[in-house]
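Have a look at the structure below before the remarks.
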Protein chains: 2
Amino acid sequence: MIQPRPRTIPEATVARLAVYLRVLTSFADGGRTTVSSGELASAAGVNPAGLRKDLSHLGSCGVRGVGYEVRALRERIARVLGAEQSRACVLVGIGNLGTALADYAGFGSRGFEIVGLFDAAPDRVGRRIGGLTVQDITDLEATVTATQASIGVIATPADVAQQVCDRLSAAGVRSILNFAPVTLSAPAGVDVRQVDLSVELQVLAFLGQQRTTVGEVSA
Amino acid sequence: MIQPRPRTIPEATVARLAVYLRVLTSFADGGRTTVSSGELASAAGVNPAGLRKDLSHLGSCGVRGVGYEVRALRERIARVLGAEQSRACVLVGIGNLGTALADYAGFGSRGFEIVGLFDAAPDRVGRRIGGLTVQDITDLEATVTATQASIGVIATPADVAQQVCDRLSAAGVRSILNFAPVTLSAPAGVDVRQVDLSVELQVLAFLGQQRTTVGEVSA
DNA sequence: GCGACTTTGTTCCAGCGTTCACAAGCGGTT
DNA sequence: AACCGCTTGTGAACGCTGGAACAAAGTCGC
């Protein structure tokens, strides 16, 4: 078996590819048929040379002197990212954040299908959100098994996130996206990705503060 | 004027410092008084040597042979990150995500005070969330000016995010955290930080897919 | 009081990511 | 058909980040 798309793609590149995919979709909707690396880089907020290097990881796709064909490039990125095949996701914790995620239309168009919503609070169970009914957390394992869900999203309070992580891992989920402000530990073979809103805000504030301080010193 | 904490702290270190701050607070609440770099690193999910290097950026604070004093270290990190002084933030777009952010208790304890909630939908204006009343978006500039808000958070739909970004920038906001799935352009002097939920999910899915594929090839 | 152990702080090194700069290639034009 | 301008793709240098090993320093035990 040959391996036409070999080696590994750097993680930083993967993150940018997802951004390019979004921008390309927007260009396609706008009727554009071709786009140059400079335009695309500008729209994505990155360096043109870096963008070309990112795209080089998935083989030559552009035409010299012209640029990239919008639809073809979009499809190729989607294929590499695996966005063409649907992935089953379960979402645990249907508070405000969980509801926002469940309602987020961007998932479906990118190959993610939410197949289960779970919460422990009785008054949330039974609610319908985005076409799905919130189930009790006790049904978690059964649904994961039945749907072969490979991705779990945790949007619970911090104090139960580890417990949910353990149950998802045991049920066969291989990838977990965690929004709770705790560092999770998962068994080997399970990827955990952390998104901490207050960390983002603190980094932003620090950069602003640093800029201000430097400005004062130099003034 | 001397500058006892000179140079610059790498951005990656700043992000981890925010995590350490959270872990230290949790340790302090648990009654711990001292902690070693190994324990702290384990709780934060990082390498012990890296943690020590991070902490070295803010000057010696530990005691050799013993470890770090929890409360003192927490305060020092908080001071470096600027979490001791309160920062005024405005939040635009009070949908599910915006509501989640407004309700998020973690902000207040980290030095962020939300001073304004804004939305364009009439049925959302007037609602009370987390002690604040949602205002009409037309009041944005007046509130930013009156409160000297330096941070803006955008949780609006994608199609109005750039417009909100422009208004925030013009009103004097220096740092913007954007949750809308678009790449914003802001004038020089304004920092924009992007958090894209679907990008995170796509990176996670790709890593899982790559792992699976590699496993199949090697099998 | 002294030695040994523990833990920090620092230095070195390797790998990765990013940027710049240039050769290669394609389309349009004459 | 040949030339020219434009854009891609790639090679190399630079800076940064992450990890490991080592020296300094402080505490505990005797």
Tell me, please, which residues at least two apart from Arg87(B) pass salt bridge (charged side-chain N to carboxylate O under 4.0 Å, His left out). none
Value in whole Å for how far the P atom of dT18(C) lies from CG of Asp54(A): 7 Å
Whole-Å distance separating the CG atom of Leu58(B) from the C1' atom of dG9(C): 12 Å
For Ser109(B), the side-chain contact (heavy atoms from CB on, under 4.5 Å) test, sequence neighbours excluded, returns none
Leu51(B) atom CG is separated from dG9(C) atom P, nearest whole Å, by 10 Å
Filter on ring-ring contact (aromatic ring centres under 6.0 Å, His included), then keep only pairs touching residues 62-85 of chain B, sequence neighbours left out; what's left? none
Could you state the atom-to-atom distance from CG of Leu55(B) to C1' of dT10(C) in whole Å? 13 Å
With sequence neighbours left out, which residue pairs that include part of residues 96-120 of chain A fulfil the salt bridge (charged side-chain N to carboxylate O under 4.0 Å, His left out) condition? Asp119(A)-Arg124(A)
Kindly write out the residues that satisfy ring-ring contact (aromatic ring centres under 6.0 Å, His included) with Phe107(B), not counting sequence neighbours, or none if the list is empty. Tyr104(B)
Non-hydrogen atoms of Ala100(B) and Leu97(A) that approach each other most closely: CB-N, 3.5 Å
Output the residues of residues 14-46 of chain A in contact with DNA chain C, where contact means a heavy atom of the residue under 4.0 Å from an atom of the strand; sort by number or write none. Arg16(A)
Side chains of Asp196(A) and Ser198(A): do they bring a donor and an acceptor to under 3.5 Å? yes
Between Pro10(A) and Ala49(A), who's closer to the 5' end of DNA chain C by nearest nucleotide? Pro10(A)
In this structure, how many angstroms lie between the P atom of dA24(D) and the CZ atom of Arg52(B), rounded? 16 Å
If only side-chain N and O atoms of Tyr68(A) are considered, is one of them under 4.0 Å from the OP1 or OP2 phosphate oxygen of dG9(D)? yes
Taking side-chain contact (heavy atoms from CB on, under 4.5 Å) as the test, write out the residues that go with Glu75(B), two or more places apart. none
Below 3.5 Å, can you tabulate the donor-acceptor pairs from side chains in residues 179-188 of chain A to any protein atom, sequence neighbours excluded?
residue   : atom : partner  : partner atom : Å
Thr183(A) : OG1  : Arg22(B) : NH2          : 3.2

Please produce a list of atom pairs where a protein N or O lies less than 3.5 Å from an N or O of nucleotides 26-30 of chain D.
none

Quick one: label Gly62(A) by what it contacts on the DNA or RNA (base, sugar-phosphate, nothing), any heavy atom closer than 4.0 Å. sugar-phosphate
Residue pairs passing the salt bridge (charged side-chain N to carboxylate O under 4.0 Å, His left out) test where at least one lies in residues 23-46 of chain A, sequence neighbours excluded: Arg32(A)-Glu39(A)
note: Glu11(A), atom CD; dG15(C), atom P; distance rounded to Å ~ 19 Å
Can you tell me the distance, in whole Å, between the CG atom of Asn47(B) and the P atom of dA21(D)? 11 Å
Between protein and nucleic acid, restricted to nucleotides 11-14 of chain D and to nitrogen or oxygen atoms under 3.5 Å apart, what atom pairs and distances do you find?
residue : atom : partner  : partner atom : Å
dA12(D) : N6   : Lys53(A) : NZ           : 3.0

By side-chain contact (heavy atoms from CB on, under 4.5 Å), which residues pair with Val160(B), not counting sequence neighbours? Thr156(B), Pro157(B), Gln163(B)
